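Here is the structure we will look at, set down as structure tokens.
Note that the coordinates shown come from a computational prediction; the quantities given were computed from them, not determined experimentally.
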Amino acid sequence: CCSISGNGVSLLTSAALFGLITSVQYGYALQVGSVALQADCMSMGVDALAFLGNLFADCFPKDSPKKRRVELTMSGLSHFLLLGFTVKFVVDGIGDSQETDDDDSPGERQSMGWVVFGFALGGLTFDIISLLAYKFFGTRTCPDEHGHMGEDALTFGINTNMCAALLHVISDLARSSTTFVEGIILLNCRSIPATQADGIATLVVCSTIAIGATAALLTWMREVHVYV
């Protein structure tokens, strides 16, 4: 049994919050037919698993030779999973974004709008809580007597394990902001078909996932190079 550090508290908070909202949001996303919310759920589900993996890595003692290896493995796996799952939703989003006919009744559109808006608002709230947890409980690598940051220099002194988790939260903040705007459009702009609005939002969400995961993956590859 390992003791939970400040980083562990941050990771555990994020995993619990992301797991909770994902389990509830996915059911409603299927019910109202929002691909954007489903893509967001996919990403948050991977995030929650990544946080648990990072928490496992954080349990190793700092002087353990396995700690760095586990950190890099867990963070790299989360990046590859995000990029892999994003492809499916990009294909769905492209098809929906080209839809110009609005077959949904006003009631169905209203339901989708409130579901998207409500979960976006909840996601933004949870992201802010997670970021505050990182601010107050997360730790940074301090420079040594020569002013060197050590093995985490490429991530500005932030532990690689924590940096990967933090990037997931920031990415989700951008995705929640996108679905928040989509919810407002669905509720107030009747001239835009609901399917088209959701398709465009899906592409924005997936682009945010892809950009964030690619940037994190490049940083991870540099860290692996330094480690090797």
Side-chain angles (χ1 to χ4, degrees), residues 8-56 74 77-78 81-90 92-93 96 104-134 137 164-188 194-195 197-210 212-213:
V9 173
S10 303
L11 291 168
L12 190 59
T13 299
S14 296
L17 292 176
F18 275 57
L20 175 62
I21 193 171
T22 300
S23 60
V24 178
Q25 178 176 312
Y26 191 73
Y28 279 94
L30 289 177
Q31 182 178 344
V32 300
S34 174
V35 179
L37 281 186
Q38 292 177 42
D40 190 35
C41 285
M42 173 275 301
S43 182
M44 287 193 297
V46 173
D47 289 345
L49 292 176
F51 292 142
L52 292 177
N54 293 337
L55 179 60
F56 171 70
M74 293 300 179
L77 182 61
S78 67
L81 284 175
L82 273 180
L83 287 173
F85 282 120
T86 300
V87 175
K88 172 188 179 301
F89 291 102
V90 168
D92 293 340
D96 289 344
D104 295 330
S105 66
E108 292 175 335
R109 181 189 180 95
Q110 197 80 356
S111 297
M112 178 185 285
W114 281 115
V115 167
V116 171
F117 180 82
F119 279 108
L121 192 60
L124 289 172
T125 302
F126 281 12
D127 290 333
I128 292 173
I129 293 174
S130 295
L131 290 174
L132 289 175
Y134 282 107
F137 296 105
L166 184 59
L167 284 171
H168 284 305
V169 176
I170 295 174
S171 178
D172 186 70
L173 183 66
R175 296 195 305 271
S176 296
S177 299
T178 301
T179 52
F180 182 81
V181 173
E182 179 195 352
I184 294 176
I185 291 175
L186 289 174
L187 292 172
N188 296 283
T195 302
D198 189 68
I200 294 173
T202 301
L203 293 179
V204 174
V205 167
C206 290
S207 298
T208 303
I209 296 172

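- Tyr26 is linked by a ring pair (Phe, Tyr, Trp, His ring centres under 6.0 Å) to nothing, counting only residues two or more places apart in sequence or in another chain.
- Using a 4.5 Å heavy-atom cutoff, the side chains of Val181 and Val204 are not in contact.
- Looking at heavy atoms from C-beta onward, Met42 lies in side-chain contact with Thr86 at the 4.5 angstrom threshold.
- Scanning for side chain to side chain contact (heavy atoms under 4.5 Å, CB included) contacts around Leu49 gives an empty result, with sequence neighbours left out.
- Under the 3.5 Å distance criterion, the side-chain polar atoms of Thr202 are left unmatched by any main-chain donor or acceptor of Gly93.
- A distance-only check finds no donor-acceptor pair linking the side chain of Asp96 to the backbone of Gly199 [under 3.5 Å].
- Evaluation of the side chain to side chain donor-acceptor pair (under 3.5 Å) test over residues 177-188, restricted to residues two or more places apart or in two chains, returns none.
- For the atom pair CD1 (Ile200) and OG1 (Thr195), the distance works out to 11.0 Å, reported to the nearest 0.5 Å.
- A salt bridge (charged side-chain N to carboxylate O under 4.0 Å, His left out) check over residues 33-44, counting only residues at least two apart or in different chains, returns the pairs Asp40-Arg175.
- Ala39 and Val205 make their closest contact through CB-CG1, 4.3 Å (heavy atoms, listed as atom of the first residue, atom of the second, distance).
- Panel note: side chain Thr22, backbone Gly19; no donor-acceptor pair is recorded below 3.5 Å.
- Under the side chain to side chain contact (heavy atoms under 4.5 Å, CB included) criterion, Val24 pairs with Tyr28, Phe119, sequence neighbours left out.
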Side chain to side chain contact (heavy atoms under 4.5 Å, CB included) between Leu37 and Leu30, worked out:
CA-CA 9 Å; Leu37 281 186; Leu30 289 177; over 6 Å; no
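- Listed by first then second residue, pairs satisfying salt bridge (charged side-chain N to carboxylate O under 4.0 Å, His left out) with a partner in residues 15-30 number zero, not counting sequence neighbours.
- Across Ala197 and Leu186, no two heavy atoms sit closer than the pair CB-CD2, 4.1 Å.
- Among pairs with a residue in residues 29-39, those fulfilling side chain to side chain donor-acceptor pair (under 3.5 Å) read Ser34-Asp198, at least two apart in sequence or across chains.
- Using a distance-only test at 3.5 Å, with no hydrogens or angles considered, no donor-acceptor pair links the side chain of Gln110 to the main chain of Leu187.
- Evaluation of the side chain to side chain contact (heavy atoms under 4.5 Å, CB included) rule for Ser111 yields no partner, not counting sequence neighbours.
- Applying the ring pair (Phe, Tyr, Trp, His ring centres under 6.0 Å) rule to Phe180 yields the partners Phe117; only residues at least two apart in sequence or on another chain are considered.
- Nearest heavy-atom pair, Val32 versus Met112, reported as atom, atom and distance to 0.1 Å: O-CE, 3.0 Å.
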